[in-house]
Amino acid sequence: AVKAPLSYPTFSIGNLAITSDTSYAGMKRYQAALQAAMAPLQQNTTPEISIFASYVQTGDAKYLDQLRAVAREYSDAAQAASKVAVPSDAVVQDAAILNAMEEFSAVLSGLADNAQDPVAVLALLQDYGQAQSDMVSSFDNFASYVSNHSKS
């Protein structure tokens with residue numbers, strides 16, 4: 001029942017730039033802009049948990065620096081994506097993606113910053129599982145939005 005205190009920016013519908021264009025073309029523009037905002041994340045080819053595992057195995061702080069850099073990339077991607085105009089029928093999915101990326105970033109930063117504290121690491125690894133699940137479900141919901149919009 002140990003919980004790590006995580007602090008990160010959250011987004012609500014009121015924080016989003018919303019457009020009334022819910023057409024197929026509008027959805028495609030939104031999808032392309034969102035992908036462009038998150039393109040830097042595609043450079044991350046090593047699973048984040050593997051980076052942390054490398055630190056645990058070696059004790060080499062370079063892995064913690066690498067984890068912090070990846071955490072910043074997630075936060076930067078969320079901030080860039082928050083500037084994308086969102087079709088009014090995608091605001092829930094968009095806010096969920098932004099919040100999931102910020103949550104994941106906070107967990108990764110927490111792991112890097114508390115790597116010497118086994119209790120904190122245990123709590124953060126539980127948070128990691130939840131954050132990862134939130135990322136997957138938010139992107140799955142976005143994929144459903146795109147798929148359903150394409151059928152309209």
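These values consider heavy atoms only, across backbone and side chains, with no hydrogens, waters or symmetry-generated copies.
Of all non-hydrogen atoms in Y74 and M101, the two that sit nearest each other are CB-O, 3.8 Å. Residues L124 and V107 come closest through the heavy atom pair O-CG1, 3.7 Å. Contact detail for S20 and S88: the closest heavy-atom pair is CA-OG, 4.3 Å. The two residues S109 and A71 make their nearest non-hydrogen contact at OG-CB, 3.3 Å. Taking every heavy atom of both residues into account, V84 and Y30 meet most closely at CG1-CD1, 3.7 Å. Between F11 and L98, the closest heavy-atom pair is CD1-CB, 3.4 Å.
Judged as a side chain to side chain donor-acceptor pair (under 3.5 Å), and not counting sequence neighbours, S54 has no contacts. In this view, D21 and R29 satisfy the salt bridge (charged side-chain N to carboxylate O under 4.0 Å, His left out) rule, not counting sequence neighbours.
Residues I49 and Q132 are not in side-chain contact: their nearest non-hydrogen atoms beyond the backbone lie 4.5 Å or more apart. Taking the side chain as every heavy atom from C-beta outward, L67 and Y55 never approach each other to under 4.5 Å. A 4.5 Å side-chain heavy-atom check between L111 and L125 finds at least one atom pair inside the cut-off. Using a 4.5 Å heavy-atom cutoff, the side chains of F104 and S138 are not in contact. In this structure, S75 and E102 have side chains that are in contact, with non-hydrogen atoms separated by less than 4.5 Å. Side-chain contact check for F52 versus E48: every heavy-atom pair is 4.5 Å or farther apart. D94 has its side chain within reach of L34: a pair of non-hydrogen atoms, C-beta onward, lies under 4.5 Å apart. Contact check for L108 versus Y128: side-chain heavy atoms found under the 4.5 Å cut-off.
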- Give the intermediate values and the outcome of side-chain contact (heavy atoms from CB on, under 4.5 Å) for residues Q126 and Q130. CA-CA 7 Å; Q126 291 173 358; Q130 183 60 55; over 6 Å; no
- Kindly determine whether Q57 and Y63 satisfy side-chain contact (heavy atoms from CB on, under 4.5 Å), including the steps that lead there. CA-CA 10 Å; Q57 291 172 349; Y63 295 110; over 6 Å; no
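Checked by atom type, the side-chain pair Y8/N99 shows no donor-acceptor distance below 3.5 Å. Inspection of the S12 and N15 side chains reveals an N or O donor paired with an N or O acceptor under 3.5 Å.
One finds the CD atom of Q116 at 7.5 Å from the CG atom of L64 (value rounded to the nearest 0.5 Å). Separating the CG atom in N114 from the CG atom in L122 is a distance of 12.5 Å, to the nearest 0.5 Å. Note that the CZ atom of F142 and the CZ atom of F139 stand 8.5 Å from one another [nearest 0.5 Å]. With rounding to the nearest 0.5 Å, the separation of CG in N44 from CD1 in I51 is 7.0 Å.
Between the side chain of H149 and the main chain of T22, a donor-acceptor pair closer than 3.5 Å is present. Side-chain atoms of S147 do not come within 3.5 Å of backbone N or O of A143 as any donor-acceptor pair.
A continuous path of Ile, Leu, Val, Met, Phe, Trp and Tyr side chains, each step under 4.5 Å between heavy atoms, connects V146 with V92, placing both in one hydrophobic cluster.
With respect to the salt-bridge test (charged N to carboxylate O, under 4.0 angstrom), the residues R68 and D65 qualify.
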